[in-house]
Asks: 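First the structure, which I've put down as structure tokens, then a few questions once you've had a look.
First listed ligand is number 1; within each ligand, the first listed atom is number 1. These numbers were taken from a predicted model, which means no experiment stands behind them. The first residue of the sequence shown is numbered 1, and numbering continues consecutively from there.
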Amino acid sequence: MDSQLNGGEVLDLDVAIIGSGFSGLYALHKLRNEMGLRVQTFENALGVGGTWYWNRYPGARSDTEVSAYCYSFDRDLFFDWTWSARYPRQAEILAYLNHVADKYDLKRSISFGTQVESSTFDESIDRWVLRTDKGQTVHAQFLVEGVGLLSSTHFPEFPGQSSFVGDIFHTARWPHEPVDFTGKRVGVIGTGSSGIQVISEIAAEAGRLTVFQRTPQYVVPSQNRPIDEQLLREIADDYDGYWHSVLHSVTAFGFTESSVPGESLTEEEREAVLEEAWNDGGGFQFMFKTFNDVGVSRVTNKSVTDFIKKKIHEIVKDPEVAARLTPDQLYARRPLCCDGYYEVYNQANVALIDAEATPIVEVTPHGIKTSDGTVHELDIIVFATGFDAVTGNYLKIDQIGRGGLHLKDKWGERPLTHLGLMVNGFPNMWTLYGPMGPFTNQPPLHEAQVNFAAAMIQFVLDNDAQTIEPRLEAETNWVSTCDDIANQTLFPETNSWINGSNIPGKPVTNFFYMGGSGAYMDLLAAAEESGFSDFHLGGARVSASV
Ligand SMILES: Cc1cc2nc3c(=O)[nH]c(=O)nc-3n(C[C@H](O)[C@H](O)[C@H](O)COP(=O)(O)OP(=O)(O)OC[C@H]3O[C@@H](n4cnc5c(N)ncnc54)[C@H](O)[C@@H]3O)c2cc1C
């Protein structure tokens, strides 16, 4: 297939895929290699990897133990690859994804450096019509979007920013050449997941590091170390059982979640559990392996926040800095982990600015000015300001479904999907790990969703139909189920990308199914067993060739 097709000609496909991260790569393998469909992937990066292609900042690494942050579909692939640690660095994960792309010969079907700008469902031919920034027109019966939950960068522009004479970087658009921080005055804006990683890494190198923190974070250590050999032996002994247990847990993180309510224990007993979890490491482990009610019980949540607050004050020697680092919110965001984060603030070359009390007002040619009139002189500014998460990349594409319905209008007040995967009015289109999907470790769920989408495509083909689309009622019920579950948790009470509140003007709402991976897997299985009764098939109006 001609992946370099330019203006004029129409590329005719069974399936167009957008994105070649974890989800898009597996979709390409499944649909092209296993099902024999005519598939082409469009990827705006110049290589595969998605998240792991873009986020090359120092300190970037996974916070899922890698024994569950990888593909499961091929046992040989799993055991042929050796990871250096439980939480590997970006370069290692990117190398793994390149290895996958090479092993399954995927790159020949990927158009790199190609942005899909629009996708329109043409009802007269029952095909998606895609247009790319290379002037290509693509017709595809099925459209699989693996555009990334955390991929559309949030890159605020402060007054005067273009006048800055030093270098400005965003963590998620990091240059391919290493950046030399030695002896430099570096400012980092943001203390979310990327911020804490980049801060912990460059503090040792920078001459002076100034951290602009708007929202203090609860950070627990990762206690990074090699993967436990015993775990690898257990996985080898029962490979399918291991992955079944991953997918049928709550978080799909590869550990057994606690079944003990923190509320059933005394304060001392809770503290002992938390101390053990702190020493073992891992953010999701701290939230889900300790007790089963951290995200729902104020009593347990307070024990957790009290414990971490105490740790911050034990670690950070200057009580004023410790106080500035101490959150006053609930422990109800995506839990963070990083080794040595709070310790950084004991270094003489590190300063912490409370950017909530004294916000950044402008960028000057030589630094950042805060509202108290101070200019913090800098050579490099690192924006660790995160992402327009979940919906950002979907809405960057001008997507038009049946009857001229624009996705940006359909999702104007909030995103609407069925099972986080399909949208009423947008037939034959799948949103991998899209809005109102599960809140879990991602790769195992990517595989599950791709397998589900593949089964639906086969169902359409077997029924000699042209389209499949969720029923409006199913979509409405799904979204209200998601909201009901989220409202039983403490997550809606904090500000974070999880509910859209990190982006000015974005609707603040629930974006996830928080019922757990296992329950979600059961729902996918039930949907398939029912013959996809929540979806309706569209008739055979035209032949497959356009
Ligand atoms: C630093 C970092 C660490 C993370 N660690 C973890 C972790 O430990 N555990 C976990 O579960 N998750 C983690 N995540 C989330 C991570 O995004 C997912 O785990 C996973 O990599 C997402 O894969 P994906 O294929 O769905 O999307 P991505 O990897 O985001 O890939 C999407 C690709 O599609 C491209 N694209 C988007 N729109 C278009 C378009 N219109 N045209 C062409 N191309 C397009 C994007 O540029 C991107 O290359 C992390 C995220 C970050 C940023």
Asks: Mark the output for T132 as yes if a heavy-atom distance to ligand 1 is under 4.0 Å, and as no if none is.
Replies: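 Not so, T132 does not reach ligand 1.
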Asks: For atom 45 (C) of ligand 1, what's the nearest protein heavy atom and its distance?
Replies: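 Of the protein heavy atoms, N44 ND2, 3.4 Å lies nearest.
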Asks: Using only atom types and a distance under 3.5 Å, with no angle test, would you say the side chain of K506 pairs donor to acceptor with the backbone of G392?
Replies: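 No.
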Asks: Run the numbers for me: atoms of ligand 1, each under 4.0 Å from some heavy atom of D63, listed by number.
Replies: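 This gives 6 (C), 7 (C), 8 (O), 9 (N) as the contact atoms.
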Asks: Do any N/O atoms on T64 end up under 3.5 angstrom from N/O atoms on ligand 1?
Replies: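 The answer is yes, given that T64 and ligand 1 share an N or O pair closer than 3.5 Å.
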Asks: If you measure from each heavy atom of Q90 to ligand 1, is any distance below 4.0 Å?
Replies: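 Contact check Q90 vs ligand 1: negative.
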Asks: Would L432 count as a contact of ligand 1 if the rule is a heavy atom under 4.0 Å away?
Replies: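 No heavy atom of L432 comes that close to ligand 1.
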Asks: Short list, please: which atoms of ligand 1 are under 4.0 Å from a heavy atom of G146?
Replies: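 So the answer, numbered in order with elements, is 31 (O), 32 (C), 33 (C), 34 (O).
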Asks: In plain terms, say whether D14 and R32 are close enough for a salt bridge, that is, a side-chain N and a carboxylate O under 4.0 Å apart.
Replies: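 Salt bridge absent between D14 and R32.
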Asks: Would R38 and D12 pass as an ion pair if we require N to O under 4.0 Å?
Replies: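 Looking at R38 and D12, the cut-off is met.
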Asks: Give a yes or no on whether the ring-centroid distance for Y433 and F22 is below 6.0 angstrom.
Replies: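 So the answer is no for these two rings.
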Asks: Please name the residue in the list F253, Y69, F255 that meets the ring-ring contact (aromatic ring centres under 6.0 Å, His included) test with F284.
Replies: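 Only one option passes, and that is F253.
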Asks: Would you check whether F42 reaches within less than 4.0 Å of ligand 1, judged by its heavy atoms?
Replies: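 Under 4.0 Å: yes for F42.
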